[in-house]
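Below is one structure, written out as structure tokens, with a few remarks after it.
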Amino acid sequence: MNYREARQQVVDKNKGARDKRTTLTEAVAMIRDGDEIAVGGLLYTRTPMGIIWEIIRQRKKDLTFYKTLLSFEGDWLFVSGAMRKAVTSWFSGGVTWGVSKWSLLGLSLRFRAGAMGIPCIPTKSMLGSDLETSAGLKRFQCPYSGEELLLVPAVNPDVAIIHAHAADMYGNAQIFGPPCMDGEIARAANKVILTTEQLVDNEHIRDNPNTTTIPFFCVDAVIELPFGCYPHECYGVYEPAYAHLGDYGEGLLKAEDKTAFVRDYLENYFYKPADFEDYLSLFGVKSLLETTRKGRIWRL
Amino acid sequence: MNYREARQQVVDKNKGARDKRTTLTEAVAMIRDGDEIAVGGLLYTRTPMGIIWEIIRQRKKDLTFYKTLLSFEGDWLFVSGAMRKAVTSWFSGGVTWGVSKWSLLGLSLRFRAGAMGIPCIPTKSMLGSDLETSAGLKRFQCPYSGEELLLVPAVNPDVAIIHAHAADMYGNAQIFGPPCMDGEIARAANKVILTTEQLVDNEHIRDNPNTTTIPFFCVDAVIELPFGCYPHECYGVYEPAYAHLGDYGEGLLKAEDKTAFVRDYLENYFYKPADFEDYLSLFGVKSLLETTRKGRIWRL
Amino acid sequence: MTDYNPAELTVVIGSRSLQDGQIVFVGAGLPLLAAVHAQHLHAPTLSILFEVGGVAPQVRIGSLPRSTNEARSVRRSVATPATIDMMLFLQRGLVDVGFLGGAQVDKHGNLNSSVIGTLEKPSVRLPGSGGANDIASSANKVFIISYHERRRFVEKVDFLTSPGFLDGGRSRENEGLLGGGVEKVITNLGILEFDKETREMKLVAVHPGVSVKEVQEKTGFELLIADDLQVTTPPSAEELTLLRALDPERRFLKAGEF
Amino acid sequence: MTDYNPAELTVVIGSRSLQDGQIVFVGAGLPLLAAVHAQHLHAPTLSILFEVGGVAPQVRIGSLPRSTNEARSVRRSVATPATIDMMLFLQRGLVDVGFLGGAQVDKHGNLNSSVIGTLEKPSVRLPGSGGANDIASSANKVFIISYHERRRFVEKVDFLTSPGFLDGGRSRENEGLLGGGVEKVITNLGILEFDKETREMKLVAVHPGVSVKEVQEKTGFELLIADDLQVTTPPSAEELTLLRALDPERRFLKAGEF
């Protein structure tokens with residue numbers, strides 16, 4: 001996305017405090033084939049899984065996904081055909097993928113530059129490594145200090161997808177625990193689709209403004225979606241469904257045809273369920289309760 | 001402060017979770033004549049007035065102060081002889097000073113670059129203005145987008161002085177309401193002196209980690225100092241002593257010899273009091289109670 | 001109802017210039033009054049940003065902040081970002097309108113809030129930019145509110161603190177600036193905009209009872225005059241009643257120069 | 001007490017290498033065990049940082065996180081910054097020690113966690129840098145923990161994910177990198193450091209029962225050998241007892257290759 005064009009899209013859109021509540025289906029319909037998507041959370045923390053699930057179900061194509069660290073959802077996006085390219089610092093799925101070209105700081109800085117409205121930002125990371133060359137980074141000498149630095153280009157994705165602990169209908173989103181890069185990708189992106197564990201009243205947001213990570217004017221769609229990261233975790237609410245992920249990982253490891261294994265999983269968990277509650281029913285009440293009980297890590 | 005030297009000072013210092021409680025006197029003794037000081041808060045919000053008060057009392061000399069927007073405390077620092085130079089975007093005191101050479105974003109970016117450990121950072125502000133030339137800024141063309149930008153140089157002050165709502169004895173500091181630039185200046189500076197409305201237990205910090213703006217390893221001295229911003233405000237705790245500031249401002253406006261007027265004020269409010277509680281006694285119980293009552297703005 | 005003073009008229013026009021849903025970066029005083037007025041009258045979801053770190057605060061009627069940089073400006077905000085993040089909303093294109101004023105404004109809409117005279121030999125030292133340069137540089141559009149007098153409306157500002165259209169023509173774009181520049185200058189005498197080509201100030205409306213001659217006399221450069229020069233609709237009773245309720249002590253709505 | 005396995009020995013040496021008061025950036029598995037072990041035994045105010053966003057978490061014994069990027073890694077942190085701010089602590093010089101591992105380490109301490117073979121014709125695709133490059137670039141010093149075998153200890157890494165001393169000599173400094181580079185490589189066979197001039201790997205200690213010959217045979221390049229080669233003090237009963245309590249299920253302290 002061209003720097004000026006990314007700005008113009010934000011300038012032109014209605015950023016007002018409207019009621020932005022909608023359905024997963026309608027929200028994901030905003031994503032066009034070929035779009036660049038930034039994904040909130042990190043590895044298996046606060047992955048906006050419900051939105052990813054719906055993207056795959058809507059048979060989106062040729063998307064580029066930006067995520068700091070990718071987990072199994074990378075396989076799901078690749079094998080489903082939704083993802084043409086992953087831009088990440090780390091990806092440990094089971095299926096064939098490219099090589100991660102960024103360091104975690106490097107990619108994070110791309111989001112921050114996008115959020116700041118500048119086209120690039122300097123760093124001392126990646127200097128002299130093969131990441132520098134494989135990512136095609138430019139060097140630059142600071143005119144004040146004479147220091148040699150790398151410049152990383154900003155990212156302004158078409159859409160950021162994010163799961164927050166609480167949000168109001170205008171899109172003011174609050175995150176408990178690590179915000180990961182969600183504040184930055186929300187501001188870097190031209191549109192934001194937000195799921196939340198719980199919708200709260202605007203007065204609740206105003207009672208606790210310090211924890212608002214994303215202000216409403218960045219957000220375009222809000223969907224209340226409890227367990228919206230499942231089988232990943234939502235900090236302090238539920239931990240990952242380790243048993244499920246363990247079984248999945250072991251199955252993938254053993255499978256001769258890994259792509260077929262993933263296709264099978266997609267069929268059962270993504271395409272067959274009638275809706276997201278149907279999907280959660282596959283994990284079952286006991287899993288939801290156990291991960292919730294263990295997820296209250298803050299006090300345990 | 002040279003970029004590499006600023007880093008080395010942070011590398012070399014003991015950043016461990018020690019008990020850092022001390023007195024205002026001992027903490028301010030860390031400041032050497034000629035140091036560069038970054039000041040927390042903004043205009044008359046959360047000014048670390050107790051530390052400034054002690055700096056003036058200790059007759060420090062030739063200091064450079066960085067603050068996003070300066071209020072009356074600028075006059076006090078100038079006239080007392082503590083401040084040789086103010087680096088700011090705005091200063092509306094009554095005594096002679098230089099011209100503010102920065103925009104608010106420009107100066108804020110200098111703090112952020114310092115906090116990020118990079119020697120400069122690009123911006124689209126100040127382009128084409130006389131701030132660009134009077135601050136001697138360098139231009140730069142982004143090699144990815146071709147965009148023309150300004151580069152602002154990082155600041156790594158010797159010492160940051162900050163007032164927080166709550167802090168533990170290790171220096172973990174929590175701020176309620178706008179953090180202003182305090183998170184950035186704490187990381188940009190080589191040392192941090194912190195006053196706080198109230199010392200809290202480390203367990204309290206761990207119960208509410210989302211509001212920790214400054215982690216302990218940036219901090220070198222912690223002093224519990226209730227009403228430590230007086231007569232300025234501490235967000236949500238007490239509002240400015242408007243009556244006092246109004247009288248002061250009017251007196252200054254009317255005074256023929258403004259420097260003498262400020263000297264007089266310094267004598268009465270800074271040099272004469274035996275200690276900070278003596279200083280607060282000059283404002284009196286009624287002022288403390290009234291500003292506290294009105295300061296609970298969040299709920300009023 | 002004609003008993004309104006210049007400050008009141010200016011604020012009402014400022015209020016009318018705002019639209020529902022906009023994100024507006026304001027300073028204290030008249031711009032804040034205009035924004036709060038608009039919220040209560042015709043733009044209920046207009047949202048205010050203040051540089052100290054308040055997003056969409058609910059400013060308390062009768063207890064307006066004296067400065068944008070104090071607790072009262074942050075009251076019941078939906079978010080309290082760091083100052084830098086407030087200012088970066090501008091750079092990212094998220095701020096629809098910024099309100100500005102200045103000690104001097106020139107024919108291309110450039111503002112001076114730094115120094116009268118020269119840097120070397122200042123006759124008056126002013127506070128400086130604060131966030132003004134950043135708003136002028138990067139807000140999607142800018143409204144200037146100013147008292148109209150010859151010493152303020154100058155051919156060329158002594159010090160260019162905040163960019164309007166710089167030297168006119170395409171010079172603003174050529175410098176690489178992002179925001180759209182000054183759309184409107186609202187004064188106690190009329191409303192001014194800028195010629196699309198030369199970016200010179202053009203009088204597009206005069207207030208009731210104000211002549212073009214008076215405006216020109218109180219302007220230190222040659223004004224363009226719009227072919228279809230309008231006369232401003234005076235404030236309605238509803239507009240004035242609301243406005244006065246917002247500032248009952250008339251701290252900002254003083255009768256004289258503002 | 002000699003019934004310890006290579007993973008246990010390595011972790012104990014890692015623990016001993018840490019000092020009280022240090023700020024340590026760790027990954028999951030053995031480095032985390034080393035840091036928690038040190039906290040409980042001799043470095044009570046050592047503080048852990050994890051890239052997901054936890055400052056000085058209190059990791060729960062018996063419920064160690066499987067990855068550094070999950071809720072268990074953040075438990076009762078004093079602060080929960082954004083990922084970028086965690087990584088920027090490194091760039092600012094605030095992180096005393098970083099722990100790293102990799103699929104390959106070469107004689108100058110460079111690490112590969114990206115790809116075996118070439119980018120164009122990879123034989124094994126690895127997860128990538130994550131935060132490893134940033135730690136290697138900017139931590140004040142780096143400890144590498146690695147299982148010692150010929151295919152891991154190579155002359156030159158296939159892909160340089162994380163910088164050690166690059167081509168040796170002053171090449172690291174010449175590239176403008178900030179951190180001090182690799183101070184120590186801890187393996188199941190011994191401890192290695194780097195020659196001050198050439199920055200080539202040098203064996204400084206062997207573990208009890210390990211010969212220099214064995215270390216050299218399991219290393220894919222010519223090792224320098226310290227004149228005053230040491231023999232590691234084996235883990236004490238106290239060290240081992242604590243360690244095993246930290247990982248009762250032996251999820252990380254497996255007997256074989258780690």
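So you know, we letter chains A, B, ... as the sequences are listed, proteins then strands, and number each from 1.
Rounded to the nearest 0.5 Å, atoms OG (C:Ser77) and CG (A:Asn172) are 10.5 Å apart. Once rounded to the nearest 0.5 Å, the distance linking CZ of A:Phe217 with CG of C:Asp96 reads 10.0 Å.
With chain C as partner, the option from A:Gly117, A:Gly114, A:Ala17, A:Ala6 having the largest number of non-hydrogen pairs under 4.5 angstrom is A:Gly117. Interface remark: of the candidates C:Ile84, C:Leu94, C:Leu88, C:Leu90, C:Leu94 forms the most heavy-atom pairs closer than 4.5 Å to chain A.
The closest side-chain heavy-atom distance from C:Val78 to A:Pro209 is not below 4.5 Å.
Only the side chain of A:Asn202 comes within less than 4.5 Å of a heavy atom of chain C; its backbone N, CA, C and O stay farther away. For a residue to count as touching a neighbouring chain, one of its non-hydrogen atoms must lie under 4.5 Å from one of that chain's; by this rule A:Ile118 touches chain C with backbone and side chain alike. Of the atoms belonging to A:Glu203, heavy atoms from both backbone and side chain fall under 4.5 Å from chain C. Contact annotation for A:Arg4: only side-chain heavy atoms (C-beta onward) come within less than 4.5 Å of a heavy atom of chain C. Within the 4.5 angstrom heavy-atom criterion, only side-chain atoms of A:Phe216, from C-beta onward, approach chain C.
Annotation for C:Gly93 and A:Val10: closest pair O-CG1, 3.5 Å, computed over non-hydrogen atoms.
Contacts between residues 142-167 of chain A and chain C, counted as heavy-atom pairs separated by less than 4.5 Å, involve A:Asn156. Annotation: residues 10-25 of chain C contacts chain A through C:Gly21, C:Ile23 [non-hydrogen atoms, separation under 4.5 Å]. Within residues 180-191 of chain A, the residues having any heavy atom less than 4.5 Å from a heavy atom of chain C are, in residue-number order, A:Arg187, A:Ala188, A:Ala189, A:Asn190. Contact annotation for residues 30-47 of chain C against chain A (heavy-atom separation below 4.5 Å, listed by residue number): C:Thr45, C:Ser47.
Taking a 6.0 Å sphere around CD of C:Glu197, one finds it holds 12 or fewer heavy atoms contributed by other residues, nucleotides or ligands. By the 6.0 Å contact criterion, NZ on A:Lys138 is open, its count of non-hydrogen atoms from other residues, nucleotides or ligands being 12 or less.
Without hydrogens or angle criteria, A:Arg206 side chain to C:Arg76 main chain gives a donor-acceptor distance under 3.5 Å.
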### Message
Could you walk me through whether C:Asn140 and A:Arg7 satisfy the side chain to side chain contact (heavy atoms under 4.5 Å, CB included) test, starting with their C-alpha distance in whole Å, then the side-chain angles of each, then the deciding distance to 0.1 Å, before giving a yes or no?
### Response
CA-CA 10 Å; C:Asn140 302 345; A:Arg7 181 182 162 91; 3.1 Å; yes
